[in-house]
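Report on the following structure.
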Amino acid sequence: MAWMAGFCSFSLQASKRLRGFGSTLLLICTGLLSGTAMAQAPDYAGIAQDFDERFAQEISQEQIPGGVYAIVHAGQILRLGSMGRVALNQDSRAVDASTAFRIASLSKGFSGVLAAMLASENQFLLDAPVSSFAPGFTLKPAMRPLTVEDVLGQRSGYIPNAFDNLIEAGLGRAEIIPRLSALEPICPPGKCYSYQNNAFSLIEDVIEQSVGRPFSQVLRERLFEPLGMAGAAIGSQSFLSLENRAEPHLKTSAGWLRIKPRTTYYQVQSAAGINAGSLDMAQWAIAMLGHRPDVISAEVIAEVLTPRIHTRRDLRNRNWRDVLVEAHYGLGWRIYQLEQHRLALHGGWVAGYRAEIALSHELDLGLVILMNAESRAVGRLNRFFWDLAFATGVDSDRPR
């Protein structure tokens, strides 16, 4: 496939620039190129059918109000599935491929790609200090500057989820970001993994100052519109104005409880502010697998999926720990090295919603799952799918 050759050509040429990860990128390229022929033969339609049955089983057993999924392969939508309703009441509409869900932290993947695109166009440098773009933010004088790459790669050095409690209390970024300046880091910038929402959102200042337009507008113009993500939008107003939107649900001792949509975490648009349906997310997955080079180049994909920092805590992930060898964070993406395979993935979780995306460039295969309930079923389904996919990719003649 042409995009793979471009991806690997860039990876080899840029290995020095990517700060010592040349060997990692060589492994990625080896897997991509050697896996191309293997990925063309297996019957992924059969996997999609198996997954659909398991999806329906999980939704039914957990009595989850509603869920949707998208499976893409070789630049095409292989299957869109849905089950349940936008809300618990029986007179509510059924969820479908156009139903909007909050994708929560899957938003970070979009922000990482958008930033890498703009950096490749010399709008700014990834190693530029974010304080140059966000005057309200500073670090203690003894610390080295916090860079754009640190922000996107979750290497700020702050205590994990710093001031997320203030997001949940309804404070805006203008009130929260200055408080980061007084926070004592747990490690110097760039030295340890520390998952953030507020610090991550500094990328909004970088993009707005560099391009001269609001972050949400740039995101729409550079990604949503050219990728044909007609239903994707950012912010609470766009979500609440939709008729076909999935309502949030929390689990209680009496079962699932429909709650009023909360606007928290929309304050950090780049970290958790996107709304989208499974049809929209299918287009995103196709692009991230390299099939829309007119919008997202192979170089940008390589950039965001280059490991920046070890995420050792992920090695305890309940759904992957038995096969997970290494875990890293790229630019808005997690990179999981399994025993024999690699996945680019991310999860999302805000009040009443769960979401996951996972991509295998080796198999040219992607999966997105969205639910309007805080259920761990999304993680179990993700693992189930990839167990099937990798087994089929290795042996396409396995008994079915």
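Please read these numbers as outputs of a predicted model, since none were measured by experiment. All heavy atoms count here, side chains included; hydrogens, waters and symmetry mates do not.
No more than 12 heavy-atom neighbours from other residues, nucleotides or ligands sit within 6.0 angstrom of CZ on Arg313. Counting non-hydrogen atoms of neighbouring residues, nucleotides and ligands closer than 6.0 angstrom, the CZ atom of Arg93 exceeds 12 such neighbours. Taking a 6.0 Å sphere around CD of Glu121, one finds it holds more than 12 heavy atoms contributed by other residues, nucleotides or ligands. For Leu315, the CG atom sits in a packed shell: over 12 heavy atoms of surrounding residues, nucleotides or ligands are nearer than 6.0 Å. Open room surrounds CD on Gln63; 12 or fewer heavy atoms of other groups in view lie less than 6.0 Å from it.
For the pair Asp280 (side chain) and Gly277 (backbone), a donor-acceptor distance under 3.5 Å is present.
Salt bridge status for Arg354 with Glu374: absent, with no side-chain N to carboxylate O gap under 4.0 Å. For the pair Arg342 and Glu362, the salt-bridge criterion is not met [side-chain N within less than 4.0 Å of a carboxylate O]. Between Glu243 and Arg245 there is no salt bridge, since no side-chain nitrogen of the basic residue lies less than 4.0 Å from a carboxylate oxygen of the acidic one.
Defined by atom type and a distance below 3.5 Å, a donor-acceptor pair is missing between the side-chain atoms of Glu53 and Gln57. Side-chain atoms of Tyr336 and Asp314 form a donor-acceptor pair, as typed in the model, at a separation below 3.5 Å. Judged by distance alone, the side chains of Asn382 and Trp386 do bring a donor and an acceptor atom under 3.5 Å apart. In summary, the side chains of Asp150 and Ser156 do not present any donor paired with an acceptor at a separation below 3.5 Å, with no hydrogens or angles considered. Defined by atom type and a distance below 3.5 Å, a donor-acceptor pair is missing between the side-chain atoms of Gln154 and Arg308.
Between Leu78 and Val72, every side-chain heavy-atom pair lies at or beyond the 4.5 Å cut-off. The shortest side-chain heavy-atom distance between Leu223 and Met117 falls under the 4.5 Å cut-off.
Between Tyr266 and Phe239, the two ring planes are tilted [angle within 30° to 60°]. Ring-plane geometry between Tyr329 and Tyr193 is classed as tilted, the angle between the planes lying from 30 to 60 degrees on a 0 to 90 degree scale. Phe55 and Tyr69 have perpendicular rings, their planes meeting at more than 60° on a 0 to 90° scale where under 30° would count as parallel. Between Tyr158 and Phe137, the two ring planes are perpendicular [angle over 60°; tilted spans 30° to 60°].
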List the steps and the verdict of side-chain hydrogen bond (donor to acceptor under 3.5 Å, both in side chains) for Ser201 and Asn198.
-> CA-CA 5 Å; Ser201 75; Asn198 285 302; 5.1 Å; no

